[in-house]
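To start, the structure itself, in structure tokens.
The residues of the chain are indexed from 1 along the displayed sequence. All of these numbers come straight from a predicted model, not from anything done at the bench. Both counts, for ligands and for their atoms, begin at 1 and track the order of listing.
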Amino acid sequence: MCGIIGYTGPLDARSILLNGLSTLEYRGYDSAGIALCMEDSSICVAKKVGKVQALKDYCDAQITGGSHSGIGHTRWATHGGVTDENAHPHRAGRVTLIHNGIIENYHALTEQFGLQDRLVSQTDSEVAAWVLDRLYTGDPLKAIRELMGMVEGSYGFCIMFDDQPGAVYAARSVSPLVASYTHAGAMIASDLTALIPYTNQYFVVPEDHIVKLTPYKVHVYELDDSFSKFYPEIMTVNWNMDAAMKNGFPHFMLKEIHEQPEAMKQTILPRMNKGLPDFTDDRIPDQIFADCSQIHIVACGTAMHAGMVARAVMEPILRIPVTVTIASEFRYEQPLIDEKTLVIIISQSGETIDTLAALRLAREYGSVTLAVVNVKGSTIARESDYVLYTHAGPEIAVASTKAYSVQLAALYLIGCRMALVRGKFSRKEAADFLEKLIDAIPAMETMIEQKDTIKALVTHIIQSPDAFFIGRGLDYAFSLEGALKLKEISYIHAEAYAAGELKHGTIALISDQVPVIAIATQDHVFAKTISNIREVKARGAYVILLTREGAVVDENLADIRIRIPDLDDRFTVFPIAVVLQLIAYYASLGKNLDVDQPRNLAKSVTVE
Ligand code: F6R
């Protein structure tokens, strides 16, 4: 979850690392640090609790002299509190190291190497640094290979050795790393956004390999006896730095909300052929849709909520079981899946550790795996049998917005193609379905245009410590996402309930003026949901009602009503998602919170 970067080359390492850390900050932001190899070959370490800006200020005041190589880190604390000592880089003898991941056997290693008196931090990472120092006899590759054989857990390491000035070493297991050799020198980072200002060519560091960066070259080594060289596939990024900038928006989240209609088009239109969904370019064969007897969707957080919507849309059309499981649960269960199961893995980052573990488990069971992923070349994308990329571009705000919409779009395309292949949709029905999906795009634009109305209604929500989201059927699946969005960036305790469940306990929580965001866009349960809304209203709730334009409701039913365009039931999620995202955004803004980097969270969850 931490952001890491390494650089060596002709330019000023300090500014490259600090600028890189600013772009990586969304991966973790409780403290940050850099280590520079100075012109006299000494190592200078600076680290500070707080945002990267605090580190920049500190470096301006403390560091004089130039440097052309170094490593940098933004931290999301796992072991040990948020202190300067626990921030990375860690110095251990002749080794300086940064780490993204978790070393599970750090305690055993501490004992084995008698490090108790050496450690100045509470981190697992410092233990790895000391172990490496003990193993180091002048050959970095050998020592790193030995370290990799000893540590258990996940890691992306960047390492400097005192007696190897100008060289930066790296190694990974599970935690992501990408690298590049550019006109500006050699670079490595946990995330492409740090490399994009310098190049659009990069490679994914393969797991269980060592990378050596020098100002002139990047080499990748196998772990075999002779450290054979490995030549990774060079990839090209299909977005530029503008996509990772705010471009005039006050926050990434607002920018990303606005980008949704375009992202939807990018995801859907290239996969349309004569009005029908077509995955020929994605190399996804129809056979996998024809052969399966059930679908199992696995993901975390917002991506899992996209899966829940997809389940409710797909199952009635396909008439086969569609199950959705949280990845962190799935990976420790004995799932009822087999080679006739299509396991759909959803992940924006393609690096979420639990989702990755779920994918690997599904493969062990012999299931066919299809990943819906945003980040090209990510681990989940590479390890799945098939991948359907969403084309949202980089999502920087920690709260997922555009990634959710395009995940839904991709899942709707899959459902539609599958229905066609299995004879559940005629060509005309499939074309109609797709047309409705495309019609949802202007409906999203309509709701984005209403952002000022949504901003105004949030005044009431932010005065309450609690908020409830209710709905039935698909509306319940949307509610789950609405509640997650609100709680993660506004810190308002928000819960989603199936409206019919309220009477089984939750209604006890409804008191005077408690905000209830009620979603009622599903025709077949509309009257039932309206009855549930009356029940909460009768108990004093402040009701914000989300319905379709044409829905007929009693004027007194809600305190505020937001109308979305009249779409078919299965497609209302798209404009509704925009409304829910804007509610969360303005609530966070209204409370003067850090919208893009909410407390305790990080964008990419690469530790369990
Ligand atoms: C919430 C959010 C998270 C992610 C979850 C999965 O706004 O962004 O719940 O959806 O951590 O992440 P990915 O999709 O990268 O696997």
_Structural part of Glu351 in contact with ligand 1, heavy atom criterion under 4.0 angstrom_ =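 Within the 4.0 Å criterion, Glu351 makes no contact with ligand 1.
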
_Contact check, side chains of Ser384 and Leu359, non-hydrogen atoms, under 4.5 Å_ =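 Of all side-chain heavy-atom pairs linking Leu359 with Ser384, at least one is under 4.5 Å.
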
*Are Met272 and Asp278 close enough that some pair of their side-chain heavy atoms sits under 4.5 Å apart?*
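No, too far: nothing below the 4.5 Å cut-off.
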
*Determine which pairs satisfy ring pair (Phe, Tyr, Trp, His ring centres under 6.0 Å) with at least one residue from residues 583-608, sequence neighbours left out, and list them in order.*
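Listed by first then second residue: His251-Tyr585.
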
Heavy-atom contacts with [X] under 4.0 Å: which atoms of ligand 1 show up? List them by number with element.
X: Lys485; result: 1 (C), 7 (O)
X: Ser347; result: 13 (P), 14 (O), 15 (O), 16 (O)
X: Ala303; result: 10 (O), 14 (O)
X: Ala399; result: 7 (O)

Which residue supplies the protein heavy atom nearest to [atom], what is that atom called, and how far is it?
atom: atom 12 (O) of ligand 1; value: Thr352 OG1, 3.5 Å
atom: atom 15 (O) of ligand 1; value: Ser349 OG, 2.7 Å
atom: atom 11 (O) of ligand 1; value: Val605 CG2, 4.0 Å
atom: atom 7 (O) of ligand 1; value: Glu488 OE2, 2.4 Å
atom: atom 10 (O) of ligand 1; value: Thr302 N, 3.1 Å
atom: atom 8 (O) of ligand 1; value: Ser400 CB, 3.2 Å
atom: atom 5 (C) of ligand 1; value: Cys300 O, 3.6 Å

*Honestly, is Arg599 close enough over Tyr491, meaning NZ or CZ under 6.0 Å from the six-membered ring centre and within 45° of the axis?*
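Flagged: Arg599 positioned over aromatic ring of Tyr491.
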
*Taking the inter-plane angle between the rings of His493 and Phe468 on a 0 to 90° scale, is it parallel (under 30°), tilted (30 to 60°) or perpendicular (over 60°)?*
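Judged by the thresholds at 30° and 60°, the geometry between His493 and Phe468 is perpendicular.
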
*Do any nitrogen or oxygen atoms of Gln348 lie less than 3.5 angstrom from nitrogen or oxygen atoms of ligand 1?*
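N/O-N/O distance under 3.5 Å: yes.
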
*asked:* As a quick check of understanding, evaluate side chain to side chain contact (heavy atoms under 4.5 Å, CB included) for Arg382 and Thr379, giving each step before the final call.
replied: CA-CA 5 Å; Arg382 282 179 293 112; Thr379 314; 3.5 Å; yes

_Residues, nucleotides or ligands: over 12 heavy atoms within 6.0 Å of Leu269 CG_ =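 Check passes, neighbour count above 12.
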
*Can you sort out the partners of Glu25 under salt bridge (charged side-chain N to carboxylate O under 4.0 Å, His left out), two or more places apart, ordered by chain and number?*
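For Glu25, no residue satisfies salt bridge (charged side-chain N to carboxylate O under 4.0 Å, His left out) once neighbours in sequence are set aside.
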
*Ignoring hydrogens and angles, tell me if any N or O in the side chain of Trp76 forms a donor-acceptor pair with the backbone of Asn600 under 3.5 Å.*
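Yes: the side chain of Trp76 pairs with the backbone of Asn600.
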
